[in-house]
Amino acid sequence: MNQGNESVPQEFHLLVFSYRPWLELPLFVVFLVSILNIFGHLSIILVSYLDPKLHALKYFFLTNFSLLDLCYTTSTGPQMLENIDSTRKVISYGGCVAQLFSFLTSVSTECLLLSVMSLDRFVTICWPPYYSAIMHRRSCHHLAAVARISGFSNSVGQSIWTLQMLLFGHREVDHFFCEVPALLRLSCIDTTANEAELFFTSVLFLLIPMALILIPYAFSVQTVLRIRSAEGRQKAFGTCGSQLIVVSFFYGSALYMYLPPSPASKDRGKMVSLFYGVITPMLNLHIYTLRNKDVKEAFKSLIARAFSMKK
């Protein structure tokens, strides 16, 4: 292809499900609920800041987790909600770049942070006497920093490689938002090197963290089975089981999209991307935070204080 014909596109047309208009109403409802969950994540962050009980080290990762879910929900949700209700579904080149970068940064960081949280949970269940020695404040901050820096670095590399391909391609994105697999399909030049690089980073950010999550869960289940109290076992299994389901949704759907990076069915790929891009953040809010007893008590205390100030 002639290198002289390269030019920066002004905007992209998002096809979404334009040839399946009957899907627009259910998708609109899903995206609207996703936007409403933004207020839930903001509330979690606010309560964690205001309530001294939630300043404990064991809630450090939950606050970081809510912040990440907030970031990647806001990077895609408002744009998707606007486009699903519009006849002209477009996104500017600058908006596409910002969306790609922020989404990649948030999701890559969350992939690593989930494995760190599984380690934290493993130490809590299996080695409770050594928790303060292993998961002390400095180590938690270091682990969170490594996750953020790694996620940011991966996003920079992936974004640069992908955006270079957009200089030689079409302008119709067959997806809800600007995501690497969908953008690579626009290119008119060979993307083998990009797909190989995407495969390698997917192994680092998806397969390895998922293994690091499943192994501690297996040991945690063995420990839970030794609990003599039936009520205690049921409570522990309920917590671990619900979290494992959410983790499976997140990593399973992301692996389908990125390994290989071009799903056999584009429609199926778009539906699968809803799981890790929209539905999983909604589930995370309820599974990891709102079901937590201390978080619920903090919410009630904050609401009670707000009403008492008004009187």
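Everything quoted here is computed from the prediction, not taken from an experiment.
A donor-acceptor pair under 3.5 Å is formed between the side chain of Ser115 and the backbone N or O of Leu112. With Ser253 contributing its side chain and Phe250 its backbone, the two residues share a donor-acceptor pair below 3.5 Å. With hydrogens and angles ignored, the 3.5 Å screen pairs a side-chain donor or acceptor of Ser139 with a backbone N or O of His136. The backbone N or O of Cys111 lies less than 3.5 Å from a partner atom in the side chain of Tyr251, making a donor-acceptor pair. Within the 3.5 Å criterion, the main-chain N or O of Ile44 finds a donor-acceptor partner in the side chain of Ser48. The closest donor-acceptor contact from the side chain of Ser301 to the backbone of Glu297 lies at 3.5 Å or more, if one exists at all. A donor-acceptor pair is defined here as one N or O able to donate and one able to accept, closer than 3.5 Å; such a pair exists between the side chain of Asn194 and the backbone of Trp161. One N or O on the side chain of Thr280 and one on the backbone of Phe275 form a donor-acceptor pair closer than 3.5 Å.
Taking hydrophobic clusters as Ile, Leu, Val, Met, Phe, Trp and Tyr residues chained together by side-chain heavy-atom distances below 4.5 Å, Tyr93 does not share a cluster with Val90. Under the 4.5 Å side-chain heavy-atom criterion for Ile, Leu, Val, Met, Phe, Trp and Tyr, Phe200 and Met257 are members of the same hydrophobic cluster. Tracing side-chain contacts under 4.5 Å through hydrophobic residues (I, L, V, M, F, W, Y), one never reaches Val156 starting from Phe205; they form parts of separate clusters. Both Leu259 and Leu214 are part of a single hydrophobic cluster, where members link through side-chain heavy atoms under 4.5 Å apart. Cluster membership check: Leu198 does not share its hydrophobic cluster with Ile160, using side-chain heavy-atom separations under 4.5 Å among Ile, Leu, Val, Met, Phe, Trp and Tyr.
From Ser159, atom OG reaches atom CG of Leu100 across 4.0 Å, with rounding to the nearest 0.5 Å. Interatomic distance, CG of Leu36 versus CG of Leu285, reported as 11.0 Å (0.5 Å rounding). Summarising the geometry, atom CD belonging to Gln99 is positioned 4.0 Å from atom CD1 belonging to Ile91; distances are rounded to the nearest 0.5 Å. Taken to the nearest 0.5 Å, the CG atom of Leu206 stands 8.0 Å off from the OG atom of Ser108. Atom CG of Leu27 and atom CG of Leu32 lie 12.5 Å apart (nearest 0.5 Å). The distance from atom OG of Ser273 to atom CD of Glu179, rounded to the nearest 0.5 Å, is 5.5 Å.
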**Message:** Applying side chain to side chain contact (heavy atoms under 4.5 Å, CB included) to Leu62 and Met117, what does each step give before you reach the verdict?
**Reply:** CA-CA 8 Å; Leu62 285 182; Met117 290 172 66; 4.0 Å; yes

**Asked** Between Lys270 and Asp174, does a side chain to side chain contact (heavy atoms under 4.5 Å, CB included) hold up when you go through it step by step?
**Response** CA-CA 8 Å; Lys270 282 186 279 187; Asp174 193 7; 2.7 Å; yes

**Prompt:** Does the pair Tyr49 and Thr63 meet the rule for a side chain to side chain contact (heavy atoms under 4.5 Å, CB included), with working shown?
**Reply:** CA-CA 9 Å; Tyr49 177 76; Thr63 307; over 6 Å; no

**Request:** Show your working on side chain to side chain contact (heavy atoms under 4.5 Å, CB included) between Leu274 and Met271 and close with a plain yes or no.
**Result:** CA-CA 5 Å; Leu274 283 175; Met271 295 304 295; 4.0 Å; yes

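For the pair Phe61/Val116, a side-chain contact is recorded, criterion being any heavy-atom separation below 4.5 Å from C-beta on. Using a 4.5 Å cut-off on side-chain heavy atoms (C-beta onward), Leu143 and Asp120 make no contact. In this structure, Phe177 and Met80 have side chains that are in contact, with non-hydrogen atoms separated by less than 4.5 Å. Between Thr74 and Leu70, the closest side-chain pair of non-hydrogen atoms falls below 4.5 Å.
Residues that satisfy the ring pair (Phe, Tyr, Trp, His ring centres under 6.0 Å) test with Tyr131, not counting sequence neighbours, are absent from this structure. Residues passing the salt bridge (Lys or Arg N to Asp or Glu O under 4.0 Å) test with Glu11 are Arg88, sequence neighbours excluded.
Shown here for Phe60 and Cys140, the closest heavy-atom pair between the two residues is CE2-O, 3.5 Å. Smallest separation of non-hydrogen atoms from Pro78 and Ile35: N-CD1, 3.4 Å. When every heavy atom of Thr109 is checked against every heavy atom of Gly151, the shortest pair comes out as OG1-CA, 3.5 Å. In terms of heavy atoms, Ala144 sits closest to Asn64 at CB-OD1, 4.5 Å. Closest heavy-atom contact between Thr191 and Leu184: CG2-O, 3.9 Å. The shortest non-hydrogen separation linking Pro209 to Val203 is CD-O, 4.2 Å.
Taking the six-membered ring where the residue is Trp, Phe101 and Phe152 present perpendicular rings, their angle passing 60° and hence far from 30°. Taking the six-membered ring where the residue is Trp, Phe31 and Phe176 present perpendicular rings, their angle passing 60° and hence far from 30°. The aromatic rings of Phe103 and Tyr72 stand perpendicular to each other, their planes meeting at an angle above 60°, with 30° marking the opposite boundary.
Residue pairs that meet the disulfide (SG to SG under 2.5 Å) test with at least one member in residues 52-103, sequence neighbours left out, are Cys96-Cys178.
Judged purely by distance below 3.5 Å, without hydrogens or angles, the side chains of Thr201 and Gln158 pair a donor atom with an acceptor atom.
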